[in-house]
Structure formats: structure tokens, C-alpha cells
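Right, one structure below, let's go through it.
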Amino acid sequence: MFRINVAYIWIAAVILLLGGCTAAQDSGDGPEAALILANPNDVRHFLADEAIANGDIYLEDNKVHINVVGLGREVTERFAGKFTPTSYVLHNVTYTAGELDSAYTLLSDRELFNQLNLYGSWIDVKQNKIGISVPDDYLASARKVLEQQIDPGMLSYEVRELREPHVTGTIVQLEADPVKRILILEPGKEDPTYWFTINKRSELYDPQGQKAGWTDLKPGQQVHLWSTGMVEDSLPAQATLRRLELITK
């Protein structure tokens, strides 16, 4: 009887052990079970906790895209041990998010927009660069100054050519205070559609193609106008004037 009981106990222990292993497998307690789906919040915490130098992150195609400075095998393996592989994509980049932010802030701190006639700037997260919008006739001078103050590899230029007028219409009102601006009525419209602000970079020309000035502008004149590309969506819309050509005196 004693031997039989021992055998029963041994068999029961084996059954319990095998049952436990099966349960562990069924519940997914293996290495894959520890992985989590990447989401922006968890990824940011992971980058901070692991002290990984990084650019920004963004969402695309239902995946978290992560810019890592100097991406290598070690960092890749650390991500693989934390997040489900199909939920994220790693990109090797040159600049951290902080470096891009500092360069972006420098543009306004040193008043480079007015100095260089820049139309706009932005942080291009995907390209890991600072985007600069500038007219084609100021590109060379703008690049020369910018690339003395900001790493040239960090800059990407959007060059705006003159091309066709953005707006053709009639001047209905002029204001000189606090800034010089003109109100424009487009053909077929009942109410004025644009305020164009004139700054020191704005170019004014008479019907003969000669340089004109603020005092040459009068209500009732027909004009071609080009904006700097930045238009405030209001009623009337507001834009900064790049070029004005008088059609009529």
C-alpha cells in the first residue's frame, strides 16, 4: 500500500507540473507576452528612462515612428525587448528635438525673419530639419546668413517663385497706422476680400514697370498682388504683400 500511495503522489505531481506549464503557455507568459504595443506616451517615457538621444516622434500608417540620434544595434535591441515589433518604426537621425527647438527659437530671437525676408519656418519632424520658406530672389542672401548661425545640415528651403499674381482687384481703402495696408475688392465680389500689409520688403511698381511708393497708391486703382504665401483666414483675409503692380494709375 505504501508503494502504491507514493506512486500516486508522484503521478499527481507530474500532472500538476505539466498542467502548470500548459497554463503558462496558454496564458502567454513567455517573452512575447511582456511586449506592449507602442504608443506616443509610452515611447516618450521609455526614451527618457533609457536616456536615448532622440528627435521627435510621429504617427503614420498606424505605427509610432521614432527618430533616434545615432541609431545602432544596442538601441534597436532595447526597443525590441519592450515593444511589439509591428507597432513602431525606428529612424536614424542627426539632431535631437531640443537642438531643433533651439534653432527654431533662434530665428525669432535674432529677428531673422525681417532681416532676411523669410516667409515662414517650421520644424519638419519627418526630415529632422528646420524648414524655411523664402522668396527666390532672397534665397542666396538668406542662406549665407542662416548657415553662419545654424548648422547647414539642419536647414531645408522652400523657395517661392513669383509666378502668376495671387490676387487681382481694386484698392478700396488705405490705412497707414499702425501699419501700412490696403483693402482689396476682387472682381465679382460684393465685399472686400483681402487686407494686404506693406512692409519694407514689399515691392511696388507702376504700370510702366517703374518703382512706385506708398503715396502712389489710391482708392479705385486696379492692381496685381502677390503675397508672401502666408494668409490669415479671416474676413477679409489678411496677408503680407510681396509685390504689387499697378494696372491703372
Side-chain angles (χ1 to χ4, degrees), residues 34-136 138-160 199-201 227-233 238-240 242:
L35 302 180
I36 63 175
L37 291 173
N39 66 71
N41 190 52
D42 286 340
V43 168
R44 288 194 177 95
H45 283 300
F46 182 73
L47 290 167
D49 293 343
E50 297 288 317
I52 298 173
N54 63 283
D56 214 329
I57 66 175
Y58 58 94
L59 295 174
E60 187 174 75
D61 299 328
N62 296 318
K63 294 182 180 181
V64 181
H65 290 252
I66 307 146
N67 291 337
V68 176
V69 177
L71 177 63
R73 180 177 178 179
E74 179 187 356
V75 172
T76 300
E77 290 176 349
R78 285 155 74 182
F79 269 92
K82 178 70 175 181
F83 300 105
T84 304
T86 56
S87 65
Y88 70 91
V89 179
L90 298 177
H91 301 279
N92 185 34
V93 299
T94 305
Y95 308 102
T96 67
E99 289 171 333
L100 291 173
D101 285 335
S102 296
Y104 185 77
T105 302
L106 180 146
L107 292 172
S108 57
D109 288 349
R110 299 188 182 178
E111 300 183 349
L112 295 178
F113 278 93
N114 291 331
Q115 178 186 339
L116 303 177
N117 198 26
L118 305 182
Y119 287 170
S121 68
W122 60 94
I123 296 178
D124 189 331
V125 174
K126 290 185 180 181
Q127 298 299 320
N128 192 233
K129 292 179 180 291
I130 301 295
I132 302 290
S133 178
V134 61
D136 53 355
Y138 280 95
L139 176 61
S141 58
R143 289 188 67 160
K144 182 177 180 180
V145 175
L146 286 171
E147 294 178 6
Q148 290 175 345
Q149 304 183 54
I150 299 174
D151 183 348
M154 189 182 288
L155 299 171
S156 173
Y157 298 95
E158 177 188 77
V159 182
R160 293 188 176 271
N199 61 27
K200 64 180 182 179
R201 299 285 188 179
S227 76
T228 61
M230 306 293 288
V231 178
E232 184 177 335
D233 188 15
Q238 300 182 57
T240 299
R242 174 177 178 178

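With hydrogens and angles ignored, the 3.5 Å screen pairs no side-chain donor or acceptor of Asp124 with any backbone N or O of Ser156. A donor-acceptor contact shorter than 3.5 Å is absent between the side chain of Asp136 and the backbone of Val159. Between the Asn54 side chain and the Ala97 main chain, no donor and acceptor come within less than 3.5 Å of each other. Remark: the backbone N or O of Gly229 is paired with a side-chain donor or acceptor of Ser227 at under 3.5 angstrom.
Contact of the Gln115 side chain with the Val145 side chain is registered, since non-hydrogen atoms from C-beta on lie closer than 4.5 Å. Using a 4.5 Å cut-off on side-chain heavy atoms (C-beta onward), Ser133 and Leu118 make no contact. In this structure the side chain of Thr94 never reaches within 4.5 angstrom of the side chain of Val69, judged on heavy atoms. The closest side-chain heavy-atom distance from Ile66 to Tyr58 is not below 4.5 Å. In this structure, the side chains of Tyr88 and Ile57 stay at 4.5 Å or more apart for every pair of heavy atoms. Taking the side chain as every heavy atom from C-beta outward, Val43 and Asn39 never approach each other to under 4.5 Å. Residues Asp56 and Ile123 fail the side-chain proximity criterion, which asks for heavy atoms closer than 4.5 Å. A 4.5 Å side-chain heavy-atom check between Leu155 and Glu147 finds at least one atom pair inside the cut-off.
Among the candidates Val75, Thr96, Thr76, the single residue satisfying the side-chain contact (heavy atoms from CB on, under 4.5 Å) test with Val68 is Val75. A side-chain contact (heavy atoms from CB on, under 4.5 Å) with Lys82 holds for exactly one of Ile36, Asp49, Asp42, Leu35; it is Ile36.
Note that the CZ atom of Arg143 and the OH atom of Tyr157 stand 5.0 Å from one another [nearest 0.5 Å]. Put simply, OH on Tyr138 and CZ on Arg242 are 9.0 Å apart, with the number rounded to the nearest 0.5 Å. Put simply, CD1 on Ile132 and CE on Met154 are 11.0 Å apart, with the number rounded to the nearest 0.5 Å. Once rounded to the nearest 0.5 Å, the distance linking CZ of Arg78 with CZ of Arg73 reads 14.0 Å. Atom OG1 of Thr240 sits about 9.5 Å away from atom CD of Glu232, to the nearest 0.5 Å. A distance of 11.0 Å separates OG of Ser87 from CG of Asn62, quoted to the nearest 0.5 Å.
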Practice item. Test side chain to side chain contact (heavy atoms under 4.5 Å, CB included) on Gln149 and Leu106 and set out the steps. Key: CA-CA 9 Å; Gln149 304 183 54; Leu106 180 146; 4.1 Å; yes
Practice item. Evaluate the criterion side chain to side chain contact (heavy atoms under 4.5 Å, CB included) for residue pair Asn117 and Lys200; output intermediate values, then yes/no. Key: CA-CA 9 Å; Asn117 198 26; Lys200 64 180 182 179; over 6 Å; no
Check your understanding: Stepwise, does the ring-ring contact (aromatic ring centres under 6.0 Å, His included) test hold for Tyr119 with Phe113?
Key -> CA-CA 7 Å; Tyr119 287 170; Phe113 278 93; over 10 Å; no
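In this structure, His91 and His65 have parallel ring planes: the angle between them is below the 30° cut-off, well short of the 60° mark.
Taking a 6.0 Å sphere around CD of Glu111, one finds it holds 12 or fewer heavy atoms contributed by other residues, nucleotides or ligands.
The shortest non-hydrogen separation linking Thr228 to Arg160 is O-CD, 3.5 Å. Pairing each heavy atom of Ala142 with each of Leu116, the nearest pair is O-CD1, 4.0 Å. What you find for Gly55 and Val93 is that their closest heavy atoms are N-CG2, 4.3 Å.
For the residue pair Asp151/Tyr95, the side-chain donor-acceptor check at 3.5 Å is satisfied.
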